[in-house]
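Note sheet for the following structure.
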Amino acid sequence: MNSATFRDVTLLLGRIGIGVIFIAHGWQKFFDLGISGTQAMFTDMSVPLADIAAIIAATFELVGGVALLIGFAARIAGVLLFLVMLGAFWFVHVGNGIFVVDGGYELVLALGAGSLMIAGVGAGRFSVDAFAGKNSRILSPS
């Protein structure tokens with residue numbers, strides 16, 4: 001199990017799983033709750049700068065989730081999504097314990113840690129990043 005292929009397949013599956021969850025949450029903020037509903041929810045949760053934070057969180061979750069899913073700018077997306085989860089942890093969930101059923105931080109912790117790992121190791125061979133790196137005149141030395 002110490003092969004490059006195993007590593008790249010596990011990165012792909014991890015990116016897909018984490019990306020789908022972020023896409024769902026970003027979609028919810030934009031299209032189910034709407035930005036105004038998300039802003040109101042953030043205000044009710046005492047998130048600082050709720051109007052701006054709601055737009056940033058929704059955008060980073062939706063766009064960052066897609067980026068993780070396809071492996072495009074995965075390191076950048078991973079860092080940005082980690083920061084969103086750090087904010088959710090600190091401003092919303094930390095006082096509620098770990099379990100999500102109690103409003104805790106277990107999902108935020110898992111998503112943040114997964115995003116940070118992708119930022120640290122990259123998207124792997126089965127990604128847009130890898131394809132662009134191997135096929136781009138800008139990214140590949142001639």
* Name of the residue among Leu107, Val108, Leu116 meeting side chain to side chain contact (heavy atoms under 4.5 Å, CB included) with Met85 -> Val108
* Check whether any side-chain N or O of Arg75 sits under 3.5 Å from a backbone N or O of Ile118 as a donor-acceptor pair, and report yes or no. => no
* Following the transitive rule for hydrophobic clusters with a side-chain heavy-atom cut-off under 4.5 Å over Ile, Leu, Val, Met, Phe, Trp and Tyr, establish whether Val20 and Leu11 coincide in one cluster. => no
* To do: Search all heavy atoms of Leu12 against all heavy atoms of Phe126 and return the closest pair with its distance.
  => CD1-O, 3.8 Å
* Asked: So, does His93 use its side chain to make a donor-acceptor pair with the main chain of Gly103 at under 3.5 Å?
  -> yes
* Do the side chain of Asn96 and the main chain of Gly104 share a donor and acceptor less than 3.5 angstrom apart? -> no
* Where do Gly71 and Ala123 come nearest, in terms of heavy atoms and distance? -> CA-CB, 3.9 Å
* Asked: Can you name the closest pair of heavy atoms from Ile18 and Ser115 and give their distance?
  -> CG2-OG, 4.2 Å
* Considering residues, nucleotides and ligands other than Met117, do more than 12 of their heavy atoms fall under 6.0 Å from its CE? -> no
* Within the side chain of Asp129, is there an N or O that forms a donor-acceptor pair under 3.5 Å with the backbone of Ala74? -> yes
* Determine yes or no for a side-chain-to-main-chain donor-acceptor pair under 3.5 angstrom, with Asp8 supplying the side chain and Gly124 the backbone. => no
* Path from Leu49 to Leu83 over hydrophobic side-chain contacts below 4.5 Å -> no
* To do: Give the minimum heavy-atom separation between Ala54 and Thr38, together with the two atoms involved.
  => CB-CG2, 3.6 Å
* **Glu106 side-chain N/O to Val100 backbone N/O, donor-acceptor pair under 3.5 Å** => yes
* Side-chain heavy atoms of Met45 within contact of Phe91, under 4.5 Å -> no
* Asked: Between Val84, Val63, Leu81, which is the residue that forms a side chain to side chain contact (heavy atoms under 4.5 Å, CB included) with Phe22?
  -> Leu81
* To do: Starting from the C-alpha separation in whole Å, work towards a yes-or-no answer on side chain to side chain contact (heavy atoms under 4.5 Å, CB included) for Leu86 and Trp90.
  => CA-CA 6 Å; Leu86 184 62; Trp90 186 256; 5.5 Å; no
* Joint hydrophobic cluster, Ile55 plus Val66, side-chain heavy atoms closer than 4.5 Å -> yes
* Asked: Do Phe82 and Tyr105 share a hydrophobic cluster (ILVMFWY, side-chain heavy atoms under 4.5 Å, transitive)?
  -> no
* Quick one: are Asp102 and Phe99 in side-chain contact, heavy atoms under 4.5 Å? -> yes
* **Hydrophobic cluster membership, Phe60 vs Phe89, 4.5 Å side-chain cutoff** => yes
* Asked: Looking at Ile23 and Gly65, what are the two nearest heavy atoms and their distance?
  -> CG1-C, 3.6 Å
* To do: Check whether any side-chain N or O of Arg15 sits under 3.5 Å from a backbone N or O of Leu68 as a donor-acceptor pair, and report yes or no.
  => yes
* To do: Please name the pair of heavy atoms, one in Val128 and one in Phe72, separated by the smallest distance, quoted to 0.1 Å.
  => CG1-CD1, 3.6 Å
* Asked: Which distance, rounded to the nearest 0.5 Å, do you find between the CZ of Phe42 and the CD1 of Ile35?
  -> 8.5 Å
* **Any Phe30 side-chain heavy atom under 4.5 Å of Thr59 side chain** => yes
* **Pairwise distance CG(Leu33) to NE2(His25) - rounded to 0.5 angstrom** => 11.0 Å
* **Separation between CD1 of Ile16 and CD1 of Ile21, rounded to the nearest 0.5 Å** => 12.5 Å
